[in-house]
Amino acid sequence: MDIAFLDVEMPGLDGITVGAKLKARFPYVKIIILTSFLDYLDEAMRFHVFRYLPKPLEKSRLYRNMKEALYQISIDTKPVLIETANESVTRFADEVIMVEADKHKVKVFAVDKIRTPTRDSLSP
C-alpha cells in the first residue's frame, strides 16, 4: 500500500484509528486525510500523517500533495548499494543504522551486519 485517503468521520472506524493501524502495518504508507474536521490534527500527527487537508479541496492542491507523496515514496523505498571487497548487497535506507568514517576506512552498520565498503564504492 502506497497512499491512503481517509476522512476523520467515516462509518464504523474513524479515520484516525484506521490511519494509525495502516501506519503500524505499512510504515511507508502516505496517509492523506481529507476532512471538514480540523480538531483531529494533533491525533493525526501522532502517527505521522503525510497531509491533513481541509474540505472543500481544490484540485490543484490535491494534485500537488499527491505528487509530493509519490516523490516521498520513491525516496523512502530507494535501495542503497553497499559494495565491499567481498560482496555487493542492497539495503533500503531504513535498514542502514549508521555510517562511520575513520581516516580512510568506512563502516556501514546495517540491521543484519557491519560492512566495510571498498574505497572505490564511495566515489561519485
Side-chain angles (χ1 to χ4, degrees):
M1 176 174 291
D2 293 325
I3 300 175
F5 292 91
L6 302 171
D7 197 341
V8 172
E9 291 199 358
M10 302 186 308
L13 291 176
D14 64 272
I16 299 299
T17 302
V18 172
K21 288 181 180 197
L22 283 173
K23 198 69 167 169
R25 185 157 181 209
F26 305 101
Y28 293 111
V29 68
K30 301 303 173 212
I31 298 172
I32 299 176
I33 294 183
L34 307 169
T35 189
S36 300
F37 303 95
L38 301 180
D39 298 339
Y40 297 93
L41 178 59
D42 288 342
E43 290 179 57
M45 295 304 292
R46 285 192 191 108
F47 63 84
H48 305 284
V49 68
F50 184 74
R51 292 290 188 270
Y52 194 95
L53 304 174
K55 290 180 186 177
L57 185 64
E58 301 165 13
K59 266 196 231 182
S60 62
R61 187 173 185 190
L62 176 63
Y63 294 151
R64 183 177 63 247
N65 283 282
M66 284 177 53
K67 183 178 178 182
E68 290 172 12
L70 291 170
Y71 173 74
Q72 191 64 46
I73 289 166
S74 73
I75 290 173
D76 289 347
T77 58
K78 187 172 185 177
V80 176
L81 177 65
I82 303 169
E83 294 178 338
T84 70
N86 302 322
E87 66 181 339
S88 293
V89 296
T90 302
R91 294 290 174 266
F92 290 101
D94 68 337
E95 296 175 315
V96 176
I97 299 167
M98 178 176 78
V99 177
E100 179 182 277
D102 183 20
K103 297 181 184 173
H104 294 287
K105 284 194 168 195
V106 174
K107 288 183 182 178
V108 178
F109 296 80
V111 293
D112 54 348
K113 70 187 236 184
I114 300 170
R115 292 186 165 77
T116 306
T118 60
R119 179 89 171 109
D120 293 338
S121 67
L122 299 176
S123 303

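Along the sequence shown, the residues carry numbers beginning at 1. As a basis for the values below, the full set of heavy atoms in this structure was taken, side chains included, without hydrogen atoms, waters or symmetry mates.
Pairing each heavy atom of F37 with each of T35, the nearest pair is N-OG1, 3.1 Å. Of all heavy-atom pairs spanning L22 and A4, the tightest one is CD1-CB, 3.8 Å.
With a 4.5 Å cut-off on side-chain heavy atoms, L6 and I16 do not count as touching. Within the 4.5 Å cutoff, the side chain of Y52 has no heavy atoms near those of the M45 side chain. Between L41 and I33, the closest side-chain pair of non-hydrogen atoms is not below 4.5 Å. Side chains of I31 and F26 form no contact here, defined as non-hydrogen atoms less than 4.5 Å apart.
The salt bridge (Lys or Arg N to Asp or Glu O under 4.0 Å) analysis of residues 2-24, with sequence neighbours excluded, yields the pairs D7-K55. Residue pairs that meet the salt bridge (Lys or Arg N to Asp or Glu O under 4.0 Å) test with at least one member in residues 25-47, sequence neighbours left out, are K30-D76.
With sequence neighbours left out, A20 forms a side-chain contact (heavy atoms from CB on, under 4.5 Å) with F47. The side-chain contact (heavy atoms from CB on, under 4.5 Å) test applied to T90 returns P79, L81, not counting sequence neighbours. Here L53 pairs with I32, L34, R51, L57, R61, N65 under the side-chain contact (heavy atoms from CB on, under 4.5 Å) rule; sequence neighbours left out.
F50 contributes atom CZ, which lies 10.0 Å from atom CZ of F5 (distance to the nearest 0.5 angstrom).
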